[in-house]
Every structure is written in C-alpha cells, then in structure tokens.
Engineer: 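Please see the structure below; I have some questions.
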Amino acid sequence: MMTRIRRQWRLIAAGAVAAVLGMSSLVMSGGATADTAPVDPELPETVSADVLPTVQIDGVAWKQVIVGDTVYVGGNFTSARPAGAAAGTNETPRANMLAYRLSTGELIDGFAPSFNGQVKDLALSPDKSLLYVAGSFTQVNGVNRYRGAAINLATGALTSFRPIFNSTTNAVAATADAVYYGGVFTSADNTARTKVAAVAPTDTGTQLLPMNPTVSNGSVQDIVVSPDGADIVIGGNFTRVNGSSNPGYGLARIKVATGASMSLPVNSEVRNGGSNSAILSLESDGTSFYGTGYHYGSGGNLEGSFKSDWATGKLTWLEDCHGDTYSIWPTAEVAYQASHKHYCGNSGGFPETNPRSFQHSTAVTQDVRGTNTRDIYNYPDHPGTPRPEFLEWYPKWTPGTFTGANQAPWTVTANDDYVVYGGEFLKVDGVAQQGLVRFAIKTIAPNKVGPALSGADFGLTATSPADGQVRLAWPGNADRDNATVTYKVYRASADAPIHTTAVTATFWKQTTQSFLDTTAPPGTTQSYRVVAEDAFGNQSPTEWVTVDVAGVPVPPVEGIVAADTFGRAETSGWGMAETGGAWTRTTGTAGSFSVSEGRGRHAIAPGATTESRLQEVSVTDVDATVSVGVSRLPDAGYVWSVLGARVSGSDHYASRLRYNPDGTVGVHLVRSGTPVVGTNVVPGLSVAAGDRLMVRLQVAGTAPATVRTKVWPAGSAEPSGWTYEMSDSTPANQAPGGVMLRGFGSSTIGATPVEVGYDDLKVIEP
C-alpha cells in the first residue's frame, strides 16, 4: 500500500484567478453548526481557530508533509524566520525547502537541502525514510537533479535517485515499487513520456518503468495511487487520455501495468479541462479519493471539491461552491480545504455578499448531509447530487502578493491533532504569520478565539417604549470556531445578568437579538451592556449604553429617607440620588467624582479626601446600608471608606472600613473623625480588588446614642450580630443631620488613584 502526500495548485494562471470577479446579490442559506464544541452530537468537532505560532517564510509554500513531529515544507522561498518576527528580520537561509516541529512550530536547524528552483510537490516512501520531490529545479545542493529527486530523512542528504525530466514536474506519488511523476514534460530519462511517468525507486540510478499512457493537451496537476497500488488517478487540465474524453477530461484512471485507461464514473459528473479549468489537486485516504478544481468561463463545471469511492470510481459527494479550491485534506470525520470560496449557497453553505467576501479555509463533513440545488448565478452546477455539510470553522486570512494571484493558503495537510496550512498569506485572524500556520484540536489549543465583535463594533441600542420598560437590541456575534454563543445582559444597578440566552447559528445566519427589561425603575436612568460568550468562556462585551426609563419614579417607600442605585452617568459629581435629593461634593476635586456602570465612584489620590453628602436629609435615628468595593488594594498604608450619619458640619457618627495592602479589612466606629472602637484587621475578613462588602450603620437614640456597625461579603447572608457597638452622649452629635460617603488614602497608597465604588445605598428612618 502506498504512502501518498498531495500537492497544491500549480497553474497560477490568469484564467484561474479571474474567477474571483463577478456576482453581487446576497442569498441566505442553511448550514451546520459543528465546531470545537458542537451542540449536535452527530456532527464532528473541528480544530480550534487559534493561530498557533509557526516558522514563517518569505515566499509561498506549495506542499507540507507531516512525519511524526516533523513537518517538511516545499515551495518557492529563500529564507525562514521565527513566529512574530517581521519580514526581513531574524532570517535563516532556506532554499525552497525546510522542516519545522509540529508541536512547537519552530524551525529545525539541521534540515536544509538547497533547491535552485521551486519545489511543487512532496511524497513519502512507504517506510517514511525518503522524501520524493517534484518541481522546476535542476540542481539540489549544487548537484544536478532534473526536476526529480529524493532526500534521506534520517540524514537530510540528497540520495542518488535521479530521474530526468525535460520540463516541470507538478506532482509526485510513491509506492514500494514505483515513483509516479506528473507535469508538463514530454520525456523522462530521454524517453518519450507525455505528462505522466513511472520510475523505479532505486538508489543506483533511475530505471524508467513501461507505463506510458497518452495524455493529450494541458498538463497533469496531481496523482494519487489506489490502495492496492495497481492503478493511479491523475488530475489536471488535459482533455483526453488514451484517446478518450470520458474518462479522460481532467480526470483519468490508469492501469499501472499497462498504461490503459480504466472506468471512472465520477468523470461523467466532474468535467474540468482545457485552458480555462482544471482539477488542481487530488488526495487519498485509502478508501476514497478526493479532488478540487477551478473553472472560469467555458471548459469546466467544478470550483469546489468532490469525494469518490476507490472501489467503484463513483461520486460519493460533491461540494459545489464557487471560488477556486486548491487543496483538500481528509481526516477521519472532517475534510479541510484551501480555497477562495465566495458562494456556497447551492451546497448548503454561505451566501454571496456585496462587496464580495472570501472564505479561504473551510471544513466539511466526511459523510453526505444533503443534496446540491440549482445555482442562482448561471454557473455550471450539479443539482441533485449528494453533498457534505459545512462546519462552523472560518479563520480569517490576509492574502499575500508573492505569486501575484492575490491568494492566501494554497495547501492543507493534517494528522490526528493538527491541521497545517501553507501558502502566501500574511496574517491569520489578524496575527502576522506569513506563509505557514498551525491549528490544533481543542485539547491542545489555547481555545482563546471568542465572538468576533466587541466594544463599539458590537453595537447595543436601548430604548424605553413604556413606563418601566427598556428594549435592548444587538447584532448576532459570530465566533470563528463555535456556532453557539451565549448572550448575557447586564444592568449596571444589578450585580448578576438580568437575562441570559444561548443562540446557535452559522456566521451567515446571525440575526439581531433583543430583550425587554420590564423591571427597570420608572423615571430613572439605567445603563446596560451585553456580553457575548463562547463555549470556552471567551467574552466580547458591548460598550455600556445609558437610557432614560419612561415613567415617574416609585413613590418613596415609607421610612426610606435616602436611596441610590447609581443607575446613571455623571462625570464630575454624583448628580441626584433616587431618593434624598442632590449629592453635594464637600471636599475633593471634581474629577475625582463620577457615576458609571451602577457605581458612585471616588477616585482617591495619595493623601486626598473625597466626600459626597446628601444634605437635604436631616434625621436623628437611621439604619443605613451600602455596598462598597475598591479598584485595587493600596501599595502601602491604607484606604478608608466611610459611611456617616447625623452629619452636620464636621460632626457625625460613622462606620469606617480600612483596606490594607494584604487584602485584610479593618472596621472602626468613628465620632466626628475620631475612632472610638474597632480594629485595623477584622479576623476572617479579607478582599481582593473588585470584591464587594456590605456595610450597615445604625444610629439610635440621644444622650446616649447607640451606634453600631456590621460588615460582611456582598452576596452572603447578613450576620445576626454586630461587628462593633458603642454608646455616646457627646452633645454635638445628638442633633439630626445628613448622610455622607467619604474616602481617604494615606500618602503611600501608590501613584495610581484607588477608586472606591458605592452601590445600593439605602437609609431608613425607623
């Protein structure tokens, strides 16, 4: 049984590339939802869309071969450089061939054969000891080799295998008994052979084998060998083989022993030949063979790919996309493709767009999932034929300029864990990565590719259609390797999402999502955002959007004298509390005060005090609660957060939190700025940046007044006991007064201000 590694598109002809011009209408189509974590258990998993760092090249890669943890690359390039290196920097000479580690993407230093012309195809010997090479070179390592050669993989040395072809070889395939070459040549070893030849795999020279079919017109672009090694299938743009055009038009099956043509029913459906079309690549997995093609104008009918059964030569499925397909590689359940597909609507895939957009890498199922429909753009088509299903795996590519064909990947190869693409691309998913790239299955990949839109690009709108209602709308947010995206709606005045929904859709079937919030307080200003999250927890948020909620406020609840959830936006103060009147800035610069994302904020600089008061409130007995958190812990020293009552001038009672650099928290009961009882560290109470604490302060009675406080983590049950309690009869503190929130930082907290955020303030007069 042969070991065969397939080559890439060889033509790079103006006619082939011209097929990118044309249609403009948009047609919505169906599609599958398989990805790295498919919802449908009957659909296969794809590799992740994470771009793994890989050695880069300065030209184009036509072929990659995986042998264990080594990848061999052939193409047209002069140097290699590490992942992340800019073009022209940190370069290592490599003349049209290199090798890299599959697991790391790093260049292998000791493998550097030098070819004086481009390498177009590579094939392994069955024992994986030799790498057979095809191309347009005439020397290897300074030794004459006329478009055919072999490299010893153990040593990296050129072997004595030396077939001679009088013109370019495009394809090579190998068995234990023969090495098959295809191309544009008319002689092999100075003997007439037209575009296809077989030679013995000998190290003592070259022995031309008798197989000699007549291939008319065009050229051979690729070769695959049957599982038993008895026959080969060739693909190209030829129009007749052994005098026949069916089979023989772009595809033919040839008996190795005699060179005679064999039956090939798939050639009755797939017809690519002549000057404007071709079968560009072939691949085999031992039970089936696969092909890809292009056509432009007359002479062909396939730009996608097909799968055919080795036993019968009949069509298994046909993927009838438009946009030339250069390469296909079958894995156990998924076939990966390299192309510039722009319309797959008649094959169950994505629609045409205006302006035109391209999908340069795609993945389809190995099994049949439907039938092709009639083309709507007057292309040659294949209605009623079986088709595979497109899977939700769509990395984005930046085409290169090296060949002048404005393409990205030209070749794809895979094993059980990795899929590797080669070509002339400059970036993948926005990451600079020229010519070579790796993708991996989810158990190896970092799985960090999230929904594509975020921030201003992920546009959220908010309107209030009725009292106490807010309608939110946002666009669908496709993920490149997950069809299911979960949307979480946040209202700034609430800590948890107020709405969660999961949507499974292909990238071209994304629809506008919406949610009606019926719990928004009437007459208030609320802020919202939506977070899109994939199966691996990658999040893409919208910006916060503020909306005025229709209606008049809820009348004050009996006993509540002040309340604020800070559901508004302010930039140099705190504005109006929901209950209790206007907040007054009594100390601190205007820029230190703001309200956003459901928080009243104090930006505390070293040694500075910030204070906000509700001076319209005047009560003696109060029961006050507030939620408090800090943006970061102090570098040294401490940050105070103060909740005060009976505030009049400098007189007050207060509960004061002390945030320490190690995350511990202290609590004091304070009279007019002087701590009376408490400690710098409350046992068992600690926080990290962003954690919230609930603070409760109770002041009751006069002469004496009973003052007490308790502190506990937000979200947990309120403790029944008080943390500290005191009794005080100081005359100046027995009168009614207002409410305050104050922050202070010692001079050693660090240069960056510490932001103290307050929420859910409620002050009750018992």
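Predicted model, so just to flag it, every value in this text is computed and none were measured.
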Engineer: Do T78 and D58 pass the side chain to side chain donor-acceptor pair (under 3.5 Å) test, and can you show the C-alpha distance, the side-chain angles, and the key distance before you say yes or no?
Structural biologist: CA-CA 7 Å; T78 61; D58 64 348; 2.4 Å; yes
Engineer: Does atom NZ of K427 have more than 12 heavy-atom neighbours from other groups under 6.0 Å away?
Structural biologist: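 No, the 6.0 Å shell around NZ holds no more than 12 heavy atoms from other groups.
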Engineer: Verify whether one side chain among N152 and T159 offers a donor that lies under 3.5 Å from an acceptor in the other.
Structural biologist: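 No, no side-chain donor-acceptor contact under 3.5 Å.
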Engineer: Between N477 and A452, is there a donor-acceptor pair closer than 3.5 Å when you use the side chain of the first and the backbone of the second?
Structural biologist: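 Side chain of N477 to backbone of A452, a donor-acceptor pair under 3.5 Å: yes, one is there.
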Engineer: Less than 4.5 Å apart, any side-chain heavy atom of R145 and any of F115?
Structural biologist: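 No, every pair of side-chain atoms sits at 4.5 Å or beyond.
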Engineer: So, the side chain of K307 versus the backbone of S288: is there a donor-acceptor pair under 3.5 Å, distance only?
Structural biologist: no
Engineer: Does F161 have its ring centroid less than 6.0 Å away from the ring centroid of Y132?
Structural biologist: yes
Engineer: Are the side chains of L122 and M97 in touch, meaning some heavy atoms are under 4.5 Å apart?
Structural biologist: yes
Engineer: Quick one about Q207 and T202 (side-chain donor to acceptor, distance below 3.5 Å, no hydrogens or angles considered), yes or no?
Structural biologist: no
Engineer: So N237 and S277, side chain to side chain donor-acceptor pair (under 3.5 Å) or not? Walk me through it.
Structural biologist: CA-CA 6 Å; N237 66 333; S277 66; over 6 Å; no
Engineer: With W62 as reference, evaluate W410, F402, F77 under the ring pair (Phe, Tyr, Trp, His ring centres under 6.0 Å) test and give the passing residue.
Structural biologist: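 The option that passes is W410.
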Engineer: Would you tell me whether T138 and R147 have side-chain atoms, one donor and one acceptor, within less than 3.5 Å of each other?
Structural biologist: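 T138 vs R147: no donor-acceptor pair found between side chains.
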Engineer: Atom CG in N141, atom CG in L158: separation rounded to 0.5 Å?
Structural biologist: 6.0 Å
Engineer: Any side-chain donor paired with an acceptor under 3.5 Å for T292 and S281?
Structural biologist: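 Yes - a donor-acceptor pair under 3.5 Å links their side chains.
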Engineer: Side chains of Q539 and E533: donor-acceptor distance under 3.5 Å anywhere?
Structural biologist: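 Judged by distance alone, the side chains do pair up.
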Engineer: Once you round to the nearest 0.5 Å, how far does CG of D222 lie from CD of E283?
Structural biologist: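 One gets 8.0 Å once the value is rounded to the nearest 0.5 Å.
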Engineer: Is there a donor-acceptor contact under 3.5 Å linking the side chains of E333 and T331?
Structural biologist: no
Engineer: For F536, is there any backbone N or O sitting under 3.5 Å from a side-chain donor or acceptor partner on D534?
Structural biologist: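 Present.
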Engineer: Are V220 and Y180 close enough that some pair of their side-chain heavy atoms sits under 4.5 Å apart?
Structural biologist: no
Engineer: Parallel, tilted or perpendicular: which one describes the rings of H322 and Y343, with boundaries at 30° and 60°?
Structural biologist: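 Because their plane-to-plane angle is under 30°, the rings of H322 and Y343 count as parallel.
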Engineer: Do K396's NZ or CZ and the ring of F507 fall within the cation-pi criteria of under 6.0 Å and 45°?
Structural biologist: yes
Engineer: Check whether N166 reaches the backbone of S187 with its side chain - one donor and one acceptor, N or O, closer than 3.5 Å.
Structural biologist: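 Flag set: sc N166 to bb S187 pair under 3.5 Å.
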Engineer: To the nearest 0.5 angstrom, please state how far the CG atom of L302 sits from the OG1 atom of T325.
Structural biologist: 7.0 Å
Engineer: Give a yes or no answer on whether the side chain of N538 reaches the backbone of N447 with a donor-acceptor pair at less than 3.5 Å.
Structural biologist: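 Yes, because the side chain of N538 sits within donor-acceptor range (under 3.5 Å) of the backbone of N447.
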Engineer: To the nearest 0.5 Å, what is the distance between CG on N272 and NE2 on H295?
Structural biologist: 6.5 Å
Engineer: Could you tell me whether the side chain of N96 and the main chain of G117 form a donor-acceptor pair under 3.5 Å?
Structural biologist: yes
Engineer: Checking S327 side chain against A338 main chain: does a donor-acceptor pair fall under 3.5 Å?
Structural biologist: no
Engineer: Classify the side-chain pair S129/D127 by whether it contains a donor and acceptor separated by less than 3.5 Å.
Structural biologist: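 Judged by distance alone, the side chains do pair up.
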Engineer: Using 30° and 60° as the class limits, which term best fits the ring planes of F439 and Y421: parallel, tilted or perpendicular?
Structural biologist: perpendicular
Engineer: Examine Y72 together with F111 and report whether their ring centres are nearer than 6.0 Å.
Structural biologist: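 For Y72 and F111, the ring centres are under 6.0 Å apart.
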Engineer: Which of these, W329, W393, Y290, Y394, sits in a ring pair (Phe, Tyr, Trp, His ring centres under 6.0 Å) with Y336?
Structural biologist: W393
Engineer: Rounded at 0.5 Å granularity, tell me how far CG in N482 sits from OG1 in T504.
Structural biologist: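 It is 10.0 Å, given to the nearest 0.5 Å.
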Engineer: Distance alone, cut at 3.5 Å: any donor-acceptor contact between the side chains of S305 and Q337?
Structural biologist: yes
Engineer: When you measure from the side chain of R81 to the backbone of A85, do you find a donor-acceptor pair of N or O atoms at a distance under 3.5 Å?
Structural biologist: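 It does hold such a pair.
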Engineer: Could you measure the distance from the CZ atom of F289 to the OG atom of S284? Nearest 0.5 Å is fine.
Structural biologist: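 That separation rounds to 9.0 Å.
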Engineer: Just by distance, do the side chain of R438 and the backbone of S103 share a donor-acceptor pair under 3.5 Å?
Structural biologist: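 Confirmed, R438 side chain pairs with S103 backbone.
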Engineer: Can you check whether P355's main-chain N or O pairs, donor with acceptor, with T353's side chain at less than 3.5 Å?
Structural biologist: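 Yes; at least one donor-acceptor contact below 3.5 Å.
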